[in-house]
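Comments concern the structure below.
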There are 2 protein chains.
Amino acid sequence: MNERKPAGSRRREIAGAALKVIAEQGLARFTSLAIAREVGVSDAALFRHFPTKEAIVLAAIDRVEEILFTGFPPRVDDPVERLGTFFRRRIAVIRENPGVARLVGSEQLAQAAPPEGVARVAGFRRRSQAFVRECLDEAHSRGLLADDVGPEEAAVLVLGALLALAHGPAAGRPRAQLPERVWRALERVLRRGGRRPATSRPTRPRPGPRS
Amino acid sequence: MNERKPAGSRRREIAGAALKVIAEQGLARFTSLAIAREVGVSDAALFRHFPTKEAIVLAAIDRVEEILFTGFPPRVDDPVERLGTFFRRRIAVIRENPGVARLVGSEQLAQAAPPEGVARVAGFRRRSQAFVRECLDEAHSRGLLADDVGPEEAAVLVLGALLALAHGPAAGRPRAQLPERVWRALERVLRRGGRRPATSRPTRPRPGPRS
DNA sequence: CGTCTAAGTGAGTGAGCACTCACTAGCAAG
DNA sequence: CTTGCTAGTGAGTGCTCACTCACTTAGACG
């Protein structure tokens, strides 16, 4: 028999394993046996901690929410800079948790989840989109946006860049700073007067605090 | 017994039905029975025309290629305008074949396909990305690009916008012109001198010829 | 018309899956 | 140590799915 663990910790472990399997192996290989092997127990053991496989998926969705939305929304005054902080954090999250982006972006989680879970994942997307829109609307009404780019189009550009960077290959070394360059390009494009020579006042690098 | 059809036509019909099922119902409901019901025959009949379900998926991938890459690449001299033509065509394709974008963008097809198919779908993405990069590199070397946006960043913006528009909701009426506005914003941002007051010389509306 | 080919069918078959159950055994408290 | 609790197990169970097979019959052709 395998090592025994208290229920709470096993639950988290199982949810994490589910996330890992679905992210690394895809839906087709996302079976209770695969989850169990990842944890190192028999498949029957899973059902001591969760009533169904769907419940495991829901717990995995909880984990995704935790990963995506800690320290959200960033509290930064300037709306464009706030958007930049969000952008960089999302990129970091995607880098550190490969697969999570693919999960939320593609419909894979939705396929495995009960309707409740599908709705929650859709909610994650809406929440991120709404945040981007709000930043841009605020920037617009404060007169910070360049006037040849409406906030609606700007939102598509920002969200799209995020999607493109997330779906791209795991970003080999030479391309590591690409996201940063993309954001700087975006900021120049979005900010009123942001297109003065590139030395104007670029974004603060913010090595800093993860709220 | 059902109406009999010659083999070639049935094959195409089955591939199309597979595409429809996988796009509309998702991977979980993508079963041979579902395909068969879509066509209007029994599931056993499918295997008169294809040796395996995987072979059906491969045929569906052929169909996707046909849909995505007819009239590709556009033959337009100005690289930015060429990119615009591509952008608009892709948007149109996505609009007319809902689901196809989700298929290629998300990993759904990959989950159902044998490795050969996965590679082909990855090739579709690479081909589109390479085209975008080539347009932008050419524009750059011809001095057409604004000099505060490198071709690499520009490619992320263009591909991202495409992704964001494709993944968005099926675009209710009021938002119908959003893709056009997004492209115009992109063009202003990319072109050297494209940011003179918005009345300068925006994109030609091109009501015109589908090559 | 009769003949032959092959598209179509209903009833399987075996494999893999989520989930169950009777049972084992680690661990905490008395 | 004994007792009680529960995490863990191996051997199922029933279900769905891809695929097969013996057979039927549409329909092209002489």
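- Atom CD of B:E54 and atom P of D:dC17 are 17 Å apart (whole Å).
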Going by atom type alone, with no hydrogens or angles, which donor-acceptor pairs under 3.5 Å involve a side-chain atom of residues 61-71 of chain B and a protein atom two or more places apart or on another chain?
{"from": "B:D62", "atom 1": "OD1", "to": "B:R120", "atom 2": "NH1", "distance (Å)": "2.7"}
{"from": "B:D62", "atom 1": "OD1", "to": "B:R120", "atom 2": "NH2", "distance (Å)": "3.1"}
{"from": "B:R63", "atom 1": "NH1", "to": "B:E66", "atom 2": "OE2", "distance (Å)": "3.1"}
{"from": "B:E65", "atom 1": "OE1", "to": "B:R120", "atom 2": "NH2", "distance (Å)": "2.6"}
{"from": "B:E65", "atom 1": "OE2", "to": "B:R127", "atom 2": "NH1", "distance (Å)": "3.0"}
{"from": "B:T70", "atom 1": "OG1", "to": "B:E66", "atom 2": "O", "distance (Å)": "3.4"}

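- Of the candidates D:dC19, C:dA18, D:dG8, D:dC19 carries the atom nearest the B:K53 side chain, counting heavy atoms from C-beta on.
- Atom C1' of nucleotide C:dA18 and atom CZ of A:R37 are separated by 15 Å, given to the nearest angstrom.
- In this structure, B:F86 and B:S128 have side chains that are in contact, with non-hydrogen atoms separated by less than 4.5 Å.
- Comparing C:dC17, D:dT9, C:dT20 by their nearest atom to the side chain of A:T31 picks out C:dC17.
- When rounded to the nearest whole Å, the span between CZ of B:F47 and P of C:dG12 equals 19 Å.
- Applying the side chain to side chain donor-acceptor pair (under 3.5 Å) test to every pair with at least one member in residues 22-43 of chain B, sequence neighbours left out, gives these pairs: B:K20-B:E38.
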Quiz: residues 52-59 of chain A side-chain donor-acceptor pairs under 3.5 angstrom, not counting sequence neighbours:
{"from": "A:T52", "atom 1": "OG1", "to": "A:E54", "atom 2": "N", "distance (Å)": "3.3"}
{"from": "A:T52", "atom 1": "OG1", "to": "A:A55", "atom 2": "N", "distance (Å)": "3.1"}
{"from": "A:K53", "atom 1": "NZ", "to": "A:F30", "atom 2": "O", "distance (Å)": "3.0"}

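- When the nucleotides D:dA18, C:dC19, C:dA7 are ranked by their closest atom to the side chain of B:H49, C:dA7 comes out on top.
- Residues forming a salt bridge (charged side-chain N to carboxylate O under 4.0 Å, His left out) with B:E153 (at least two apart in sequence, or on another chain): A:R181.
- Taking the salt bridge (charged side-chain N to carboxylate O under 4.0 Å, His left out) definition, one finds that B:R133 meets it with B:D137, sequence neighbours left out.
- Between the CG atom of B:L46 and the C1' atom of C:dA7 there is a distance of 12 Å, given to the nearest Å.
- As a whole-Å value, the separation of B:R11 CZ from C:dA6 P is 16 Å.
- Judged by distance alone, the side chain of B:D78 and the main-chain N or O of B:E81 form a donor-acceptor pair under 3.5 Å.
- When the side-chain nitrogen and oxygen atoms of B:S42 are compared with OP1 and OP2 of C:dG10, none of them lie within a distance under 4.0 Å.
- Rounded to whole angstrom, the span from the CG atom of A:L33 across to the C1' atom of C:dA18 amounts to 11 Å.
- Protein atom CZ of B:R29 is 14 Å distant from nucleotide atom C1' of D:dC17, rounded to whole Å.
- Looking at heavy-atom distances under 4.0 Å, B:F50 makes no contact with the nucleic acid at all.
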Tabulated below should be each protein N or O lying under 3.5 Å from an N or O of nucleotides 21-23 of chain C; please produce it.
{"from": "C:dA22", "atom 1": "N6", "to": "A:R48", "atom 2": "NH2", "distance (Å)": "3.2"}

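- Residue-to-nucleotide contacts include no donor-acceptor pair under 3.5 Å from the side chain of A:D43 to the base of C:dC17.
- Per the geometry, CZ belonging to B:R10 stands 15 Å off P belonging to D:dA26, to the nearest Å.
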